[in-house]
There are 2 protein chains.
Amino acid sequence: MTPNLDSQITERLALDGLRFTRGRREVVEALLASDGPMSANELSDVLGDGVPLSSIYRSLAILTDAHILTVHLATKGLARYELSEWLVGHHHHLVCTECGSVEDIHVSASHEERLREVVDAVASVASFIPSSHALEIDGRCAQCQ
Amino acid sequence: MTPNLDSQITERLALDGLRFTRGRREVVEALLASDGPMSANELSDVLGDGVPLSSIYRSLAILTDAHILTVHLATKGLARYELSEWLVGHHHHLVCTECGSVEDIHVSASHEERLREVVDAVASVASFIPSSHALEIDGRCAQCQ
DNA sequence: CCTATAATGATAATGGTTATCGTTATTGAA
DNA sequence: TTCAATAACGATAACCATTATCATTATAGG
């Protein structure tokens with residue numbers, strides 16, 4: 001993890017009187033190494049016995065409350081988490097309807113501009129104040145073809 | 001429910017040797033009357049004791065398997081269902097981060113065209129074969145401002 | 001009318017997630 | 001450094017949406 005990212009998270013947690021402990025750091029580092037959101041169980045598989053499942057769940061809840069993680073709910077009955085966009089940049093998701101995997105994707109600035117126009121137009125009609133948006137594309141991933 | 005929609009669903013179910021029974025029809029009609037996806041519990045509240053919760057759950061599973069309903073997972077630990085797009089048209093979602101409600105929205109043809117361009121461009125780069133897409137906009141709904 | 005099969009409804013079981021609680025670690029003040 | 005006060009931890013129990021079970025009922029076709 002870059003020193004910059006580390007201090008960003010540490011400072012954000014401090015705002016709520018929280019600490020960036022080893023268990024929480026391990027969760028963040030595992031998510032950082034992943035190319036998509038991970039569930040509590042998937043994190044547990046990666047982190048092993050060093051970080052108990054109950055602690056993973058609590059860390060996920062606390063980090064999400066502190067806006068360091070964002071929850072993603074593509075698969076039924078399974079919450080997956082990833083670093084929030086203010087830490088790792090804006091992106092969208094490719095959701096494989098075959099294997100359930102979720103892949104992060106970035107779109108070009110010009111495409112992103114088009115998306116934002118659509119978002120703003122649609123939200124204003126509904127008197128809705130948008131805070132974020134994501135394009136979710138369902139289909140078959142490269143592995144499942 | 002229009003006779004046309006009714007026969008579309010009846011015929012689709014018949015393909016799998018399934019019947020469009022009263023319980024399933026009540027679920028479909030409640031979803032049709034709603035302006036957004038509904039959970040099993042929300043359906044139970046609307047339908048009352050006439051349709052037991054266990055039957056609602058099974059109807060939702062069967063109708064989803066038959067591609068008559070589509071599941072939507074914006075709220076943690078809660079699956080909401082709505083009529084599939086081939087029955088009611090393509091649309092997107094406004095998800096209120098305050099109250100958890102989900103509202104269907106339609107975008108203009110020109111805006112939809114822009115979205116499709118972005119989807120196609122992004123998917124091809126990732127060797128992903130898109131089957132559907134949805135723009136999900138998070139924010140505050142008109143009631144929660 | 002009869003039989004095979006679909007559908008139902010009450011209930012039990014499942015599984016991801018959350019809450020509890022006693023213990024441990026860390027921070028800030030004296 | 002020592003001493004609270006509070007945050008964090010870890011094992012376990014509880015929760016709750018959802019799914020499976022199974023005996024009963026309804027429907028369609030021969």
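Chain letters run A, B, ... following the sequence lines, proteins first and then strands; every chain starts at 1.
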With respect to the side chain of R24(B), which nucleotide from dT8(C), dA8(D), dT18(D) is positioned closest?
dT8(C)
Kindly point out which of dG10(D), dG9(C), dA8(D) is positioned nearest to the side chain of R22(A)?
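Looking only at heavy atoms from C-beta outward on R22(A), the closest nucleotide is dG10(D).
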Which pairs of donor and acceptor atoms, one on a side chain in residues 17-33 of chain A, lie under 3.5 Å apart (sequence neighbours left out)?
{"unit_1": "R22(A)", "atom_1": "NH1", "unit_2": "E26(A)", "atom_2": "OE2", "d": "2.7"}
{"unit_1": "R24(A)", "atom_1": "NH1", "unit_2": "R19(A)", "atom_2": "O", "d": "2.8"}
{"unit_1": "R25(A)", "atom_1": "NE", "unit_2": "D6(A)", "atom_2": "OD2", "d": "3.1"}
{"unit_1": "R25(A)", "atom_1": "NH1", "unit_2": "F20(A)", "atom_2": "O", "d": "3.2"}
{"unit_1": "R25(A)", "atom_1": "NH2", "unit_2": "D6(A)", "atom_2": "OD2", "d": "3.4"}

Salt bridge (charged side-chain N to carboxylate O under 4.0 Å, His left out) partners for D49(B), two or more places apart:
none
List in chain and number order the residues that pass salt bridge (charged side-chain N to carboxylate O under 4.0 Å, His left out) with E85(A), two or more places apart in sequence or in another chain; answer none if no residue qualifies.
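So E85(A) forms no salt bridge (charged side-chain N to carboxylate O under 4.0 Å, His left out) with any residue.
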From [atom1] of [X] over to [atom2] of [N], roughly how many Å is that when rounded to an integer?
{"X": "F20(A)", "N": "dC9(D)", "atom1": "CZ", "atom2": "P", "answer": "11 Å"}
{"X": "L73(A)", "N": "dG16(C)", "atom1": "CG", "atom2": "C1'", "answer": "12 Å"}
{"X": "E26(B)", "N": "dT8(C)", "atom1": "CD", "atom2": "C1'", "answer": "13 Å"}
{"X": "L43(B)", "N": "dA17(D)", "atom1": "CG", "atom2": "C1'", "answer": "14 Å"}
{"X": "R80(B)", "N": "dA17(D)", "atom1": "CZ", "atom2": "P", "answer": "12 Å"}
{"X": "R25(B)", "N": "dT27(D)", "atom1": "CZ", "atom2": "P", "answer": "12 Å"}
{"X": "D45(B)", "N": "dA17(D)", "atom1": "CG", "atom2": "C1'", "answer": "14 Å"}

Bend angle of the helix from dC1(C)-dG30(D) to dA30(C)-dT1(D), from helix axes over five pairs at each end, nearest 10°
30°
Just jot down the ring pair (Phe, Tyr, Trp, His ring centres under 6.0 Å) partners of H106(A), sequence neighbours excluded, or say none.
H91(A)
Closest-nucleotide 5' rank along DNA chain C - winner of T21(B) and N41(A):
T21(B)
Mind telling me whether H133(B) and H92(B) have parallel, tilted or perpendicular rings, with 30° and 60° as the class edges?
tilted
Linking Ile, Leu, Val, Met, Phe, Trp and Tyr by side-chain heavy atoms under 4.5 Å, what else ends up with [X]?
{"X": "L78(A)", "answer": "none"}
{"X": "I129(B)", "answer": "none"}
{"X": "L115(B)", "answer": "L94(A), I105(A), V107(A), L115(A), V118(A), V119(A), V122(A), F128(A), L135(A), I137(A), L94(B), I105(B), V107(B), V118(B), V119(B), V122(B), F128(B), L135(B), I137(B)"}
{"X": "V125(A)", "answer": "none"}

Within residues 53-69 of chain A: residues closer than 4.0 Å to DNA chain C (heavy atoms):
Y57(A)
Is there a side-chain contact between K76(B) and the phosphate of dT18(C), meaning an N or O under 4.0 Å from OP1 or OP2?
yes
For a side chain to side chain donor-acceptor pair (under 3.5 Å) check, start with the C-alpha distance between E103(B) and H93(B), then their side-chain angles and the critical distance, and finish with the verdict.
CA-CA 6 Å; E103(B) 187 181 350; H93(B) 289 131; over 6 Å; no
Could you pull out all donor-acceptor pairs under 3.5 Å where a side-chain atom in residues 50-63 of chain A meets a protein atom, sequence neighbours excluded?
{"unit_1": "S59(A)", "atom_1": "OG", "unit_2": "S55(A)", "atom_2": "O", "d": "3.0"}

Produce a footprint string for nucleotides 22-30 of chain C: one letter per nucleotide, 5' end first; B if the base is under 4.0 Å from any protein heavy atom, S if only the sugar-phosphate is, - if neither.
----SS---
